[in-house]
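Okay, structure first, notes after.
Source: prediction; values computed, not measured. In the text below, chain A, chain B and the rest are named by the order of the sequence lines, each starting its count at 1.
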Amino acid sequence: MSTLLPPLALRVQNLSITYPDANAGLHALGPVSFEIPTRQFVCVLGPSGSGKSTLLRALAGLLPPNAGQVNFLSPTNPRIGFVFQQSNLMPWRTVLENILLPLELEGMPRDLARQKAAELVLLVGLESFENSLPRDLSGGMAQRVALARALVHDPDILLLDEPFGSLDALTRERMWAELSRIWQARQKTVLMVTHSISEALFLADRVLVFSARPGRMRLDLPIPLPRPREDEMRYTPAFGKLARQLKDAIEEDR
Amino acid sequence: MDITQKWIPFSAPRLRARAVLMPFFGVLLFLLGWQALAQWGGLPAFILPSPAQVGARFVRALAEGSLARHTGITLGEVLLGLVSGVSAGTILGYLAAKHKALEEFLAPALAASQAIPIVALAPLLVIWFGAGIFSKILVGGLIVFFPVLVNTMTGLRAVPRPLTELMRSLRASPWQILWHLEIPAALPVFLSGLKMGATLSVIGAVVGELVGANGGLGFLINLGRGQFDTALVFVATFTLAGMALLLYGAVHLLEKTLLAWQEKA
């Protein structure tokens with residue numbers, strides 16, 4: 001392996017997940033194997049029920065793997081930043097208090113935690129809403145708070161499970177630009193599940209396409225489009241070709 | 001902006017003034033009707049004393065010190081019943097929410113508690129534990145126990161699963177999940193159970209006293225009835241109502257403070 005390559009953030013080997021509660025055990029995922037170098041932005045695409053969310057939940061330690069191995073760069077207790085499809089904010093906490101939750105759980109002194117959270121508030125552009133309650137936020141703002149919360153404790157990996165799936169189309173596209181900017185500012189490794197080919201092409205360095213259940217990897221495609229990626233990029237032949245490749249891979253088993 | 005102008009008559013300060021004035025008028029009308037009935041209804045004072053007579057009896061009972069003493073006894077029973085019922089209900093509710101087996105074990109008792117009024121147990125408890133305050137605390141405690149238990153359980157079950165997953169992805173300990181998530185998330189439902197319990201505990205203590213006691217407002221009601229001192233019955237009843245209102249108000253205030261984050265209705 002070349003020394004020029006960045007170190008691996010994540011290595012997944014023969015990971016397989018079966019849900020025990022379904023009658024005969026629902027084989028949701030795998031076996032899948034892949035590696036993600038640090039600071040890479042990887043999107044996972046696939047039809048519904050291809051185990052994409054299952055993969056994220058397993059990586060976050062919410063599901064026990066039935067077989068296979070997951071290794072993070074930091075061997076013990078990797079820090080996870082998870083953004084769900086819904087913002088999942090605590091309605092009794094203000095924006096700032098929601099963002100500093102991960103730091104509070106780590107036992108960081110209150111003042112320092114507030115200070116760090118305030119930096120994140122700036123990063124996601126919510127400076128005048130620090131003390132607002134979630135009920136006063138729009139969907140896009142709530143999702144920015146969720147993103148800030150996922151970043152505040154400087155996680156080893158950012159796991160995004162269709163984070164913009166519940167937003168309207170215009171807000172969603174604005175959030176792509178925001179996320180690109182934040183990803184570049186914080187230099188994070190990202191694994192993001194999405195349904196949208198455009199979303200993947202706007203954001204990712206690399207796209208993994210999963211098959212229908214049980215999810216297996218069908219395509220591992222690098223996205224060499226230049227950054228920053230603008231709206232006009234949509235109409236370039238390179239974009240069209242990649243989109244076509246992804247679509248074909250997703251629809252292969254129909 | 002014509003539309004906003006049309007809405008001005010319904011502005012907040014006027015609504016608030018109305019919310020204060022209307023109950024006041026309600027009480028005033030009630031008192032006037034009562035006074036009229038007592039005065040011109042041809043009823044003797046031991047059937048229906050007038051508000052003025054009840055007021056005079058209140059002042060006398062207050063001056064004798066007997067009202068304060070009996071109120072103190074009942075209030076003590078109510079508070080001890082409330083504390084014991086709420087603690088037991090909360091702890092068992094928490095455990096039942098966590099362990100399905102315990103919930104199944106408790107299910108018959110919960111169903112029975114919905115079907116029969118707990119106060120029906122008061123005579124038994126007085127037979128077993130005597131006429132002192134202990135049997136009253138038990139009645140009050142039991143009557144509070146069930147709604148608090150059920151609401152604690154319901155509240156904890158309603159904790160959004162995605163939030164639990166968020167906490168777990170952040171490697172939160174069970175204690176952290178309890179403190180930062182389960183308690184605040186279950187609080188609204190828990191507090192409405194407590195509100196119910198606060199008024200029920202007064203009922204429990206008084207029913208216990210009516211069955212057999214040597215002190216307390218329920219005892220005072222029995223005493224007044226036996227001596228045809230109906231004004232005293234009224235005095236004790238109103239004091240009880242006041243006590244229940246104060247308790248309800250205290251929980252309401254607690255609710256307003258702790259649940260300030262909730263959407264206003």
Side-chain angles (χ1 to χ4, degrees), chain A residues 53-54 56-64 72 74 76-95 97-108 131-137 145-146 149-163 166, chain B residues 12 90 93-94 97-101 103-104 151-152 154-195 251-265:
Chain A
S53 296
T54 304
L56 287 202
R57 288 157 51 82
L59 295 180
L62 299 175
L63 283 176
F72 288 91
S74 57
T76 54
N77 281 339
R79 288 179 171 181
I80 306 289
F82 207 131
V83 180
F84 305 81
Q85 187 166 3
Q86 303 297 330
S87 60
N88 274 343
L89 302 179
M90 294 183 171
W92 52 87
R93 284 177 169 245
T94 64
V95 165
E97 287 166 348
N98 264 294
I99 294 174
L100 61 75
L101 175 74
L103 302 176
E104 200 176 342
L105 296 177
E106 284 175 9
M108 183 181 282
N131 299 315
S132 303
L133 287 169
R135 65 168 196 232
D136 298 322
L137 304 179
V145 177
R149 178 180 60 190
L151 285 164
V152 75
H153 57 315
D154 198 22
D156 297 308
I157 191 165
L158 199 53
L159 302 174
L160 311 177
D161 191 359
E162 295 188 50
S166 61
Chain B
T90 308
Y94 177 80
K98 295 277 155 172
H99 304 284
K100 195 82 190 153
E103 189 197 348
E104 287 157 0
N151 280 41
T152 304
T154 317
L156 285 169
R157 288 269 161 79
V159 173
R161 205 183 134 80
L163 279 180
T164 313
E165 296 203 322
L166 168 78
M167 292 296 275
R168 283 178 51 212
S169 79
L170 293 169
R171 307 270 184 273
S173 70
W175 281 113
Q176 286 178 321
I177 292 180
L178 177 68
W179 178 249
H180 290 294
L181 174 59
E182 290 172 335
I183 290 180
L187 210 53
V189 184
F190 172 80
L191 283 177
S192 64
L194 183 64
K195 218 173 185 176
V251 180
H252 187 68
L253 206 68
L254 195 68
E255 226 173 13
K256 281 222 149 174
T257 320
L258 291 176
L259 302 183
W261 54 270
Q262 275 195 331
E263 199 103 43
K264 287 148 211 111

Electrostatic pair [X]:[Y] at N-O distance under 4.0 angstrom:
X	Y	result
B/Lys100	B/Glu104	no
A/Arg57	B/Glu165	yes
A/Arg93	A/Glu104	yes
B/Glu182	B/Arg157	no

Exercise. Which residues, numbered in order, of residues 185-193 of chain B come under 4.5 angstrom of chain A by heavy-atom distance?
Worked result: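 From residues 185-193 of chain B, the residues near chain A are B/Ala185.
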Exercise. Hey, are the side chains of A/Ile157 and A/Arg79 touching, using non-hydrogen atoms and a 4.5 Å cut-off?
Worked result: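 No, their side chains stay 4.5 Å or more apart.
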Exercise. What part of A/Leu133 is in contact with chain B, defined as an atom under 4.5 angstrom from a non-hydrogen atom: side chain, backbone, both or neither?
Worked result: side chain
For this session: Counting only heavy atoms closer than 4.5 Å, note whether A/Leu101 contacts chain B via side chain, backbone, both or neither.
Result: side chain
For the backbone of [Y] and the side chain of [X], can you confirm whether one donor and one acceptor N or O come within less than 3.5 Å of each other?
X	Y	result
A/Arg149	A/Ser87	yes
A/Asp161	A/Ser53	no
A/Gln85	A/Glu162	no

For this session: Find the one option among A/Leu105, A/Ile80, A/Leu89 whose heavy-atom pairs under 4.5 Å with chain B are most numerous.
Result: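 Highest number of pairs under 4.5 Å: A/Leu105.
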For this session: Counting only heavy atoms closer than 4.5 Å, note whether B/Arg171 contacts chain A via side chain, backbone, both or neither.
Result: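 For B/Arg171, the contact with chain A is made by the side chain alone.
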Exercise. Which bit of B/Leu258 is near chain A, if near means a heavy-atom gap under 4.5 Å: side chain, backbone, both or neither?
Worked result: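 Contact with chain A is absent: no heavy atom of B/Leu258 under 4.5 Å.
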